[in-house]
Visitor: 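I am attaching a structure below and will ask some questions about it afterwards.
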Amino acid sequence: MPEYAPPVGIDAACPNQLEGPYAPPRGIDLLCENLVSTTYDKLSADNIRIFKDRLLDMTGCLFGGAIVPEDQFLADLLRRWGGIEEAPLFARAGRLPMPSAVMLNSITARANDFGNMFFHVLGDRIASHCGETLIPMGLTLADVYPTSGEAFIANNVAAEDLTARILFTLPMRWPTDMLMVSSAAAALASRYYKLDAARTKVALTYAATNATDPGNSYYDYCQEFKYHNGASAQMGIMACELARGGWQGFADPYFGHWALVTMQVKDGGPLPALYEKAFEGLGQVWYTEESFKRGPGGIPTTAAAKCGAGVRARILDDRGELRLADIRRVRVFRSSNMRFNYYANPFSRRNHTNALFSYQFAACCALLHGAVKVELVQTPAIQADTSLVELAENSSMEVFDCEAGKSMMKVVVEMKDGAVYEDIQDYGGSMHDYPSREFLLQKFWDQFNAFGKLPRSVGEKIVELAGKIETLSDMREYTQLLTLS
């Protein structure tokens, strides 16, 4: 067994001799071999069922994301820069070079932060932000390279499984998971480029060492949160081009010397504690994302919006109508065991990005309108909705104690006549309950209709094909429905 160079914090004069079948770099070699050898027939019924739901979900998000005014200049910019008309632009007309197309399509899919996320690996739920890059990127690649529906599913699932297993090992999974999106993109692209396992590891080298991270973007209401998805997709393409061009890579870009994961290991350990466990079931079980956002603005706003809608229902049941003039104040609470983060910042900027990441806006929007929808979180719509702005800006963000072992959100609405209405929701459970088919369809149609540039018959065909995507011999039967002529 060759010596394994230690990561940061370990005396280089005392390298670790690691034993076992997964000792670096053998572990990443096995992950790459599994990535390139995964076929549709190996996947579980749940892998396929959940992926088809996610495909419809992310297709809807492409249409919903295309209405964001702040992002329209990107399409104009990339068209001005031009290049070969190689890959499609979804919810838009025309074609651009692959790096430009995957960037724009992924940014569009993430624009309202309304997609799907969270791996569930060996009993652990792990925040992840891969789907909003991988599904639009996969659709783009499948339009350029002849791809069957079965291969399309297998390509995405294989890339997610590799990503999920590496994420499982991380000492701090969130927000470090963001650093893995470019790796997921390179893993996916390597399937379309038909790289072997050795070349795939080279591609992963460049994806891992050029990873992007949204950093403080949510807290400061910066659009980097979605640029990150586009830059990761673009890096995935470039990583595969470098690998195909013959460049060399690391022995192990994740668990080797000064690699993406081992740089984060504390207390002098050469590998994360969960490293070997991450290989359990490799080649037998494939992990994919499986949680769906219920409203624009990320999965944490789910409980706040459900509380707002719950209070609205109580008021309507009691009074028959909800009048803004009758409301004295709205109080939004997070339980004391929840992290104080960007979602707890005041709603004060009256724009799209502020609305996406605000508990107060989510609660007040659902209180007034019954739900938080993409058309309601756009900057022009917010600025025109003076009632919603007044309610959200005058609401309060507070803390309360709940029962041990729970994380909860609560909304209390005090009326001018002294009446009080409230609703409380489980913060964690509300994020991960699997949605009904009716919810997924409504979410798709809400965004398709908000986009409004395609006939309903096209939307009906998209719903039909997404439900039987594995039967398609050519994915272009699906992707052609997503573009404007």
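Bear in mind the structure is a predicted one, so any value in this text is a computation, not a measurement. Just the heavy atoms: all of them, side chains too, but no hydrogens, waters or symmetry mates, feed the values below.
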Visitor: Taking Lys226 first and then Asp71, would you say they form a salt bridge - that is, a charged N and a carboxylate O separated by under 4.0 Å?
Guide: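 Asp71 and Lys226: salt-bridged.
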
Visitor: If you round to the nearest 0.5 Å, how far is OG of Ser336 from CE of Met408?
Guide: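 Those atoms lie 12.0 Å apart.
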
Visitor: Charged N to carboxylate O under 4.0 angstrom, Glu422 versus Arg331?
Guide: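 Answer for the salt bridge query: no.
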
Visitor: Check for me whether the distance between the ring centres of Tyr342 and Tyr221 falls short of 6.0 Å.
Guide: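 Between Tyr221 and Tyr342, which both carry aromatic rings, the centre distance is not below 6.0 Å.
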
Visitor: I need the single residue from Thr302, Val411, Val412 that forms a side chain to side chain contact (heavy atoms under 4.5 Å, CB included) with Cys307. Which is it?
Guide: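 Result for side chain to side chain contact (heavy atoms under 4.5 Å, CB included) with Cys307: Val411.
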
Visitor: Whether the Ser335 and Ser407 side chains hold a donor-acceptor pair (N or O, under 3.5 Å, no angle test) is what I'd like checked.
Guide: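 Ser407 and Ser335 do not have a side-chain donor-acceptor pair below 3.5 Å.
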
Visitor: Is the closest side-chain heavy-atom distance between Met415 and Val413 below 4.5 Å?
Guide: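 Yes, their side chains come closer than 4.5 Å.
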
Visitor: I'd like to know if the side chain of Arg92 reaches the main chain of Leu484, judged simply by a donor and an acceptor atom lying under 3.5 Å from each other, with no hydrogens or angles considered.
Guide: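 Side chain of Arg92 to backbone of Leu484, a donor-acceptor pair under 3.5 Å: no, none is there.
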
Visitor: I want to know whether Phe63 and Phe448 have ring centres closer than 6.0 Å.
Guide: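 Yes, they do, as the ring centres are separated by less than 6.0 Å.
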
Visitor: In terms of side-chain heavy atoms, does Trp286 have a donor or acceptor partner in Thr38 at a distance below 3.5 Å?
Guide: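 Checked: Trp286/Thr38 side chains pair up, N/O donor to acceptor below 3.5 Å.
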
Visitor: Given Phe152 and Phe51, is the ring pair (Phe, Tyr, Trp, His ring centres under 6.0 Å) satisfied, shown in steps?
Guide: CA-CA 10 Å; Phe152 174 73; Phe51 181 80; 5.6 Å; yes

Visitor: Run the numbers on Asp446 and Gln442 for side-chain hydrogen bond (donor to acceptor under 3.5 Å, both in side chains), then give the verdict.
Guide: CA-CA 6 Å; Asp446 283 347; Gln442 187 63 54; 2.8 Å; yes

Visitor: Measuring only between side-chain heavy atoms, which start at C-beta, is Thr262 closer than 4.5 Å to Leu271?
Guide: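 Thr262 vs Leu271: side chains touch.
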
Visitor: Where do Leu376 and Cys365 come nearest, in terms of heavy atoms and distance?
Guide: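 Smallest heavy-atom distance, with atoms named: CD1-SG, 3.7 Å.
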
Visitor: So Leu170 and Leu167, do their side chains get closer than 4.5 Å, heavy atoms only?
Guide: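 Yes, side chains in contact.
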
Visitor: Below 4.5 Å, heavy atoms only, C-beta onward: do Pro272 and Val261 meet side chain to side chain?
Guide: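 They are in contact (side-chain heavy atoms under 4.5 Å apart), so the answer is yes.
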
Visitor: Going by atom types alone, do Ser358 and Gln360 pair a side-chain donor with an acceptor below 3.5 Å?
Guide: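 The criterion, which ignores hydrogens and geometry beyond distance, is not satisfied for Gln360 and Ser358.
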
Visitor: What closest approach, in Å, do Ala392 and Cys364 show between heavy atoms, and which atom pair accounts for it?
Guide: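 That closest heavy-atom pairing would be CA-SG, 3.7 Å.
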
Visitor: Thinking salt bridges, do Asp401 and Lys406 make one under a 4.0 Å N-O criterion?
Guide: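 Salt bridge flag = no for Lys406 with Asp401.
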
Visitor: Does the pair Gln378 and Asn112 meet the rule for a side-chain hydrogen bond (donor to acceptor under 3.5 Å, both in side chains), with working shown?
Guide: CA-CA 9 Å; Gln378 306 310 315; Asn112 291 307; 3.1 Å; yes

Visitor: Could you go step by step and tell me if Glu160 and Arg165 meet the salt bridge (charged side-chain N to carboxylate O under 4.0 Å, His left out) rule?
Guide: CA-CA 9 Å; Glu160 289 187 51; Arg165 291 177 183 276; over 6 Å; no

Visitor: Will you find, in the side chains of Glu393 and Ser348, an N or O donor that is under 3.5 Å from an N or O acceptor?
Guide: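 No, because no side-chain N or O of Glu393 sits under 3.5 Å from a partner of the opposite role on Ser348.
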
Visitor: Do Phe119 and Cys130 make a side-chain contact, defined as non-hydrogen atoms from C-beta onward lying under 4.5 Å apart?
Guide: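 Of all side-chain heavy-atom pairs linking Cys130 with Phe119, at least one is under 4.5 Å.
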
Visitor: Rounded at 0.5 Å granularity, tell me how far CG in Leu62 sits from CZ in Arg110.
Guide: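 Answer for the CG-CZ pair, Leu62 versus Arg110, is 13.5 Å.
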
Visitor: Do other residues, nucleotides or ligands put more than 12 heavy atoms under 6.0 Å from Phe400 CZ?
Guide: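 Check passes, neighbour count above 12.
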
Visitor: What I want to check is whether the side chains of Asn47 and Ser44 have a donor and an acceptor closer together than 3.5 Å.
Guide: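 Note: Asn47 and Ser44 side chains meet the donor-acceptor criterion.
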
Visitor: If we count only N and O atoms by modelled type, under 3.5 Å, do the side chains of Asp177 and His129 hold a donor and an acceptor together?
Guide: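 There is such a pair between these side chains.
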
Visitor: Could you go through Val332 and Ser396, starting from their C-alpha distance and side-chain angles, then the distance that decides it, and tell me whether this counts as side chain to side chain contact (heavy atoms under 4.5 Å, CB included)?
Guide: CA-CA 6 Å; Val332 183; Ser396 62; over 6 Å; no

Visitor: When rounded to the nearest 0.5 angstrom, what is the spacing between NZ in Lys52 and CD1 in Ile469?
Guide: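 It comes to 9.0 Å.
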
Visitor: Salt bridge check, Arg54 against Asp57: does any charged N sit closer than 4.0 Å to a carboxylate O?
Guide: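 Looking at Arg54 together with Asp57, the answer is no, because their closest N to O distance does not fall below 4.0 Å.
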
Visitor: Hey, do the aromatic rings of Tyr287 and Phe168 have their centres closer than 6.0 Å?
Guide: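 Ring-ring flag for Tyr287/Phe168: false, centres at least 6.0 Å apart.
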
Visitor: Yes or no on side chain to side chain contact (heavy atoms under 4.5 Å, CB included) for Val372 and Thr301, after CA distance, side-chain angles and deciding distance?
Guide: CA-CA 10 Å; Val372 185; Thr301 59; over 6 Å; no

Visitor: Within the side chain of Tyr343, is there an N or O that forms a donor-acceptor pair under 3.5 Å with the backbone of Gly297?
Guide: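 Present.
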
Visitor: Near Arg79 CZ, under 6.0 Å, is it more than 12 heavy atoms from other residues, nucleotides or ligands?
Guide: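 Yes, the 6.0 Å shell around CZ holds more than 12 heavy atoms from other groups.
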
Visitor: Please examine the side chains of Pro435 and Arg294, heavy atoms only from C-beta on, and report whether any two atoms are closer than 4.5 Å.
Guide: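 Of all side-chain heavy-atom pairs linking Pro435 with Arg294, at least one is under 4.5 Å.
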
Visitor: Can you see whether Glu375 engages Asn449 through a side-chain donor-acceptor pair at a distance of less than 3.5 angstrom?
Guide: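 No - no donor-acceptor pair under 3.5 Å links their side chains.
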
Visitor: If you look at every heavy atom in Met58 and Asn116, which pair is closest and at what distance?
Guide: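 Smallest interatomic distance, heavy atoms only, reads CG-ND2, 3.5 Å.
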
Visitor: Go through the steps to decide whether Phe225 and Phe357 satisfy the test ring pair (Phe, Tyr, Trp, His ring centres under 6.0 Å), and finish with yes or no.
Guide: CA-CA 11 Å; Phe225 79 91; Phe357 305 113; 5.1 Å; yes

Visitor: Would you mind checking if Glu438 and Lys443 are paired as a salt bridge, meaning a charged N to carboxylate O distance below 4.0 Å?
Guide: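 Salt bridge absent between Lys443 and Glu438.
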
Visitor: Compute the centroid of each ring, for Phe279 and then for Tyr275, and state whether the two points are separated by less than 6.0 Å.
Guide: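 Close enough - the centres of the two rings lie under 6.0 Å apart.
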
Visitor: Rounded to the nearest 0.5 Å, what separation is found between the CG atom of Asn210 and the CG atom of Leu179?
Guide: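 Between Asn210 CG and Leu179 CG, I get 11.5 Å after rounding to 0.5 Å.
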
Visitor: Are Asp423 and Lys306 ion-paired here, with the side-chain N under 4.0 Å from a carboxylate O?
Guide: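 Judged by the 4.0 Å cut-off on N to carboxylate O distance, Asp423 and Lys306 do not form a salt bridge.
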
Visitor: Quick check with a 6.0 Å cut-off and a 45 degree axis cone: is Arg49 positioned over the face of Tyr434's six-membered ring?
Guide: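 Judged by the rule, Arg49 and Tyr434 form a cation-pi pair.
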
Visitor: Show your reasoning for whether side chain to side chain contact (heavy atoms under 4.5 Å, CB included) applies to Val399 and Arg334.
Guide: CA-CA 5 Å; Val399 178; Arg334 61 178 176 89; 3.7 Å; yes

Visitor: Applying side chain to side chain contact (heavy atoms under 4.5 Å, CB included) between Ile107 and each of Asn229, Leu74, Thr133, Val102, report the one that passes.
Guide: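 So the option named by the test is Leu74.
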
Visitor: Yes or no on salt bridge (charged side-chain N to carboxylate O under 4.0 Å, His left out) for Arg323 and Asp326, after CA distance, side-chain angles and deciding distance?
Guide: CA-CA 5 Å; Arg323 298 194 324 138; Asp326 295 336; 3.0 Å; yes

Visitor: Show, in sequence, the C-alpha distance, side-chain angles and deciding distance for Tyr254 and Thr169, and conclude whether the side-chain hydrogen bond (donor to acceptor under 3.5 Å, both in side chains) test is met.
Guide: CA-CA 10 Å; Tyr254 302 98; Thr169 72; over 6 Å; no

Visitor: Does a sphere of radius 6.0 Å around OH in Tyr421 hold more than 12 heavy atoms from other residues, nucleotides or ligands, not counting ones at 6.0 Å or beyond?
Guide: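 Correct, the count exceeds 12.
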
Visitor: After noting the C-alpha distance and the side-chain angles of Ile299 and Phe292, does the key distance pass the side chain to side chain contact (heavy atoms under 4.5 Å, CB included) rule?
Guide: CA-CA 8 Å; Ile299 211 162; Phe292 295 76; over 6 Å; no

Visitor: So, are Lys293 and Glu132 salt-bridged, with charged N and O less than 4.0 Å apart?
Guide: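 Answer for the salt bridge query: yes.
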
Visitor: Say whether His228 and Thr212, considering side chains only, have a donor N or O and an acceptor N or O under 3.5 Å apart.
Guide: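 Side-chain D/A pair, His228 to Thr212: present.
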
